[in-house]
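A, B, ... follow the sequence lines: proteins, then strands. Residue 1 opens every chain.
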Amino acid sequence: MIDKYDAVAIESKWQKKWEETKIYKVDENSPKPKWYALTMFPYTSGDLHVGHWFAMAPSDAYARFKRMQGYNVLHPVGFDSFGLPAENAAIKRNIHPRDWTLSNVENMTKQLKSMGPMYDWDRVVVTCLPEYYKWTEWLFLKLYEAGLAYRAKAPVNWCPQCQAVLANEQVEQGKCWRCGTVTTHRDLEQWFFRITKYADELMVHKDIDWPERIKTMQTNWVGRSEGVEVSFEIERKDLDEKEIVVYTTRPDTIFGVSFLVLAPENPLVDKLTTPEHRAEIDAYIEKTRKQTEIDRLSTEKVQDGAFTGSYVINRLTGEKVPVWVADYVLNSYGTGAVMGVAAHDERDWAFATRYELPIRTVITYDGYDPAVKQAECHPEPGKLINSGKFNGMESTSAISAIAQYIEEQGWGKRTVRYKLRDWLISRQRYWGAPIPMIYCEKCGIVPVPEKDLPVLLPDNIEFRPTGESPLKYCEEFINTTCPKCGGPGKREIDTMDTFMCSSWYFLRYCDPHNSKEAFSKEQLKKWMPVDIYTGGAEHAVMHLFYSRFFIKALRDMGIVDYDEPFTRLFNQGTVTKDHDKMSKSRGNVVNPDDYVNTIGADTVRTYLMFLGPWEQGGDWDDSGIYGLSRWLGRIWNVALTPYEEKAVSKDAEADYLRLVNKSIAKVTGDIDKLRFNTAIATLMEYTNAITKIRDAGTVSKSIFDTSLRDLLLMTAPLAPHITEELWSRLGYGYSIHQQDWPTYDAELAKDDEIPLIIQVNGKIRDKIMVEPNISEDDAILAAEKSDKVNTFLAGKEIIKKIYVPGKLLNIVVK
RNA sequence: GCCGGGAUGGCGGAAUAGGCAGACGCGGCGGUCUUAAAAACCGCUGAAGAAAUUCGUGUGGGUUCGAUCCCCUCUCCCGGCACCA
C-alpha cells in the first residue's frame with residue numbers, strides 16, 4: 001500500500017533541504033553558457049498575491065528548464081522598496097517607512113520561498129538599503145557628469161494627493177498613475193534626465209525580440225514628427241518681437257491659413273494683446289488656468305479661445321491674419337503656436353466654425369466645387385489650388401516643395417519634433433534615494449564627491465507630506481560643507497523617483513555584493529544582456545523605457561558595450577476572478593497562501609501555468625485547481641506502484657516508445673516557447689498513457705522505468721517538490737533539479753502507419769490506415785476499396801483527385 | 001476618434017505554410033467501491049436525428065477541390081493612445 005500524496009509535508013521538507021544544500025547557488029565560474037532569466041522584481045507592498053505567483057511561477061519553471069538544458073542560469077530576485085506607497089502606509093500606521101518596508105521584505109521572502117523557486121537567496125537586492133542606493137546616487141553623478149542630468153524650472157505635473165511631482169510617463173489620462181488623482185501643473189525648479197537625447201534610438205527596437213504592442217507604444221510615446229518651423233511677420237512694429245514661429249507638418253496647406261493660434265501660456269500672448277482686448281484675454285487665460293488637465297484634454301469640450309487684437313502677415317500670400325489664443329494649442333509642444341487652416345485640419349475647422357473665421361480651400365477633395373461653400377473639414381491629400389505657383393501639385397509632394405521654398409526664402413526651416421519630454425526625477429518626499437547634490441552660495445551646484453557616498457537618509461525625521469520635501473526641516477541632513485570651497489553648503493532636499501532605482505537593478509543582480517563598485521565590468525560582461533525578461537505590460541513607457549535609456553547612457557559612457565538591456569521581452573497576462581480584475585474594493589482577491597497551505601505549491605504553480613496561454617492570463621476558478629491536484633496525485637500513484645511485466649509485446653513497446661518520444665519533443669518545444677498550458681496537457685496525456693501501461697504491463701520494466709524517469713524530469717521545472725520526492729523514493733540521486741533534460745529519439749517517434757483522410761467533394765467520408773509515405777496511386781487504390789467512399793462515388797463522374805502526401809485524398813465528382 | 005489584440009461546446013482552452021474542429025482540464029451524467037456520503041477510479045459528454053446523415057469556430061459575403069485559418073463587410077469585447085498642429 002502506498003502512502004497518500006501529502007503536498008504540504010513534502011514541500012516544506014524539500015525547501016529546507018534545497019536551502020541547506022544550496023543547490024540553487026549561482027556558480028560564477030561555471031563553464032556552461034550563461035542564461036539570464038529575469039523577472040520584474042516585486043514592489044514591497046505587503047503581501048504576495050496571486051498575480052505575483054502568476055508572474056513568478058512560470059518564469060521560475062522556465063529558468064529551471066534552461067538549467068536542465070545545460071545553461072548556467074541567473075534567475076535572481078529582489079525588492080523594489082523605495083517610494084510613496086511605503087511612505088503613505090507608514091504614515092497611516094504611524095511607523096517608520098524603513099520598518100514597514102523591511103518587514104514586508106521579510107514577509108514576502110517567506111511567501112516567495114513557499115513557492116519553491118530556484119532563487120539564490122544570497123543574491124537578493126533591496127533598493128532601499130544604503131548598500132544599494134549608494135550606487136543609485138553614483139549613477140546619478142555619472143549621468144550628471146555626462147551632461148544627462150540637469151536642473152531646470154519648468155511647468156511640471158503635480159499630484160495634490162501624493163504631494164509630489166510626476167514624470168510625464170506617470171500621468172495617465174490626466175491622472176496620477178498611482179492614486180488616480182487628477183493632476184495639476186506647477187512651475188518648479190527640478191532635476192531632469194535628458195532622455196530626449198535618445199529619442200530616435202528609443203523609438204527603434206533593433207535586434208530585440210519584444211511584443212509588437214510594447215514596441216508600438218514606445219514608438220508612439222516618443223512621437224517623432226517631421227515638419228517645418230515657419231515664421232509669420234508681426235504686423236505691429238511697436239514690439240521687440242518681430243515674428244511668430246509656428247510648427248507644422250502640413251506646409252502644403254499654408255496658403256489656406258486664415259488665423260494663428262497661441263497657447264495660453266505662450267509669453268507672446270501678453271505682448272500681442274491690445275488694450276481693447278486685454279480684459280477678454282485675461283479672463284480667458286484665467287479660465288484656462290483653473291482647468292484641470294482632464295477638462296482641457298477632453299474631446300467633448302468645445303474649442304474656445306479669444307482674439308488678441310493683433311495680426312501677422314502670411315509671407316507666402318502677403319495676407320494679414322488675426323492672432324488668437326486657445327487652449328487647444330499646447331505650449332509644451334512645438335513652438336506653442338500653430339497656424340490655423342480650417343479647411344484641412346479638424347481642430348482648426350472646429351475653432352473657425354465657432355468664431356466664424358474664414359475657411360479657405362487649398363486642396364481639392366472629392367466633390368469639390370468652388371461655387372459651393374465647403375461643408376466639412378477635409379484633411380486628406382489632394383491637388384493644390386489657390387496656392388500660387390504650387391497650384392496643381394499633389395499635396396504629398398507639395399509638402400517638401402513648399403518646405404524647401406520656405407527655407408530658400410529664409411522664412412523657416414525643416415525640423416523634427418518629439419512628444420517625448422525629459423524625465424523629471426525629483427520627488428518632494430522622504431522615502432527615496434537622496435539626490436547627491438550640494439548648493440553653495442559661492443560655487444553654485446556642486447556634486448557630492450564619490451568618496452562621500454552614500455548620502456544617507458536621516459532616520460529621525462518627521463516625514464508627513466507638506467508639498468515640500470520633509471528633508472527640508474532636517475537640519476543635520478541639510479547643512480553640510482561645500483566640497484569645492486569648504487564653505488557652508490545645503491544639500492538637495494528632494495529625493496529621486498523610484499523608477500531611477502528600478503532602471504538598473506538588473507545590473508546589480510550581476511554583482512550584488514560588490515562594495516567597491518555598482519558592478520564590476522567582468523560580472524556585467526558575464527551575464528548581461530538579459531536573455532529573457534518577463535513581467536506585466538503596464539511598464540511599457542515607464543520602467544522598460546527608462547531602463548533602455550539607462551543602458552544607452554551607460555554605453556556612451558563606455559561602461560557597457562551593447563545597445564539594449566533585454567534581448568527578449570515577454571508580457572504575461574493578468575489573473576482575474578469571475579472575469580473581474582482582482583481588487584480589495586471588489587473583495588475578490590485570491591490569496592495564494594490559502595491554497596499553498598492546503599493543496600500545495602506544486603498544484604498552485606501548475607494550475608497557474610495550465611490556466612491558459614501565459615500571455616493571455618486567465619480566470620481563477622476554485623474547482624479547476626483540483627484537476628491539477630488530481631494529476632499530480634496520478635503521477636504519485638503511478639510512480640510508487642511497483643511495475644510488473646505481464647504480456648510484453650514488441651508492438652506495444654513500439655507504440656509506447658513512439659508516444660514517449662513524441663511527448664518529449666512536444667513538451668520540450670512548448671516550454672521553450674513558454675506555452676506551459678499545452679506542455680502540461682501533453683504531460684497529462686503522458687501520465688494517462690503510463691498509467692494504462694502500468695496496468696497492462698505490456699512493455700519491459702526498463703522501458704517503463706525510463707519513461708517514468710522522463711515524466712518526472714519533464715515535470716520537475718513545473719512541480720519541483722513532488723518530483724524531487726518521487727525521484728528520491730525511486731532511488732535516484734539528489735537532486736532531480738541537477739539532472740539533464742531528457743532527449744528524444746526522432747526515429748522512435750516516427751509513425752509506421754498514419755490515418756489517411758479520404759474526402760469526396762471536400763467532405764470527409766472515410767479514414768484508412770496506410771504507411772506514411774504511400775504514393776498517390778496506392779492511396780487511390782486504397783480509397784477505391786472503401787465502401788463508404790464508393791457510396792458517394794456511385795453514378796458520379798470523377799473530375800479530379802487532389803492528393804496531399806501523408807494527409808488526405810480528395811476526390812472531386814460531378 | 002486613432003492604433004493594437006481578440007470572439008471556438010455548459011466553462012477555461014487545443015488545433016492554423018488552408019487539410020480529422022473541440023486535445024487537455026473543469027463541470028455534468030452514468031457506473032465501481034461504500035451501510036451511506038466524500039475521496040478515488042472507470043465510461044459517456046457540441047447540436048439535431050432511430051439511423052444513414054446533416055448542421056456547427058461572432059455576422060454577412062468572397063477566394064478555393066477544401067476555410068476556425070486567407071481577403072472584404074459589419075457587430076461586440078479587451079488593452080493602449082488621445083487636441084502633439
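When both pairing distances are held under 3.5 Å, U64(B) makes no Watson-Crick or G-U pair with any nucleotide shown. A 3.5 Å limit on both hydrogen-bonding distances identifies U54(B) as the Watson-Crick or G-U partner of A47(B). The partner of G79(B) is C3(B), by the rule that a Watson-Crick or G-U pair needs both atom distances under 3.5 Å. Searching all strands for a Watson-Crick or G-U wobble partner of A40(B) with both distances below 3.5 Å returns U32(B). With a 3.5 Å ceiling on both atom-pair distances, the Watson-Crick or G-U wobble partner of G10(B) is C26(B). When Watson-Crick and G-U wobble pairs are counted only if both distances are under 3.5 Å, A17(B) pairs with no nucleotide at all.
If you check every strand for non-hydrogen atoms under 4.0 Å, Lys419(A) touches a base. Among the atoms of the strands shown, only primed sugar atoms or phosphate atoms (P, OP1, OP2) are found under 4.0 Å from some heavy atom of Val812(A). Within 4.0 Å of Lys801(A), counting heavy atoms only, lies no atom of the nucleic acid at all. Counting non-hydrogen atoms under 4.0 angstrom, Arg417(A) reaches nothing in the nucleic acid.
For G9(B), the base adopts the syn conformation, since its glycosidic angle falls within 90 degrees of zero.
Atom C1' of nucleotide A40(B) and atom CD1 of Ile635(A) are separated by 16 Å, given to the nearest angstrom. Residue Glu212(A) contributes atom CD, which lies 12 Å from atom C1' of G5(B) at whole-angstrom precision. Between the P atom of A85(B) and the CG atom of Asn266(A) lies a distance of 17 Å, rounded to the nearest Å.
With contacts defined as side-chain heavy-atom distances shorter than 4.5 Å, the pair Ile214(A)/His205(A) does not qualify.
Between Lys215(A) and C3(B), a side-chain N or O to OP1/OP2 separation shorter than 4.0 Å is absent.
The distance between the ring centers of Tyr328(A) and Phe351(A) falls below 6.0 angstrom. A ring-centre distance under 6.0 Å is not found for Tyr626(A) and Tyr607(A). You'll find the ring centres of Trp324(A) and Tyr355(A) inside the 6.0 Å limit.
Donor-acceptor pairing under 3.5 Å is recorded for the side chains of Trp631(A) and Thr687(A).
When the C1' atom is used for both C24(B) and U8(B), the distance is 15 Å, rounded to whole Å. Spacing of P atoms, A15(B) relative to G61(B), comes out at 29 Å, to the nearest Å. Straight-line distance between the P atoms of G4(B) and C74(B): roughly 15 Å, to the nearest whole Å. Nucleotides A40(B) and C26(B), compared at atom P, are 9 Å apart to the nearest Å. As rounded to the nearest Å, C33(B) and G49(B) have C1' atoms that lie 37 Å from one another. Only the P atoms considered, G56(B) is 24 Å distant from G6(B), to the nearest whole Å. Nucleotides C69(B) and G22(B) place their C1' atoms 15 Å apart, quoted to the nearest Å. Going from the P atom of C29(B) to that of A47(B) covers 15 Å, rounded to whole Å.
Heavy atoms of other residues, nucleotides or ligands lying less than 6.0 angstrom from NZ of Lys646(A) number more than 12.
Using cut-offs of 30° and 60° on the angle between ring planes, the pair Trp614(A) and Phe570(A) is parallel.
With salt bridges taken as basic N to acidic carboxylate O contacts below 4.0 Å, one links Asp655(A) and Arg658(A).
Among the nucleotides A85(B), C55(B), G27(B), the one closest to the side chain of Thr249(A) is A85(B).
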- Message: I'd like to compare against my own output: the B/S/- annotation of nucleotides 11-24 of chain B with a strict under-4.0 Å heavy-atom distance to protein.
- Response: -BSS----BBS-BB
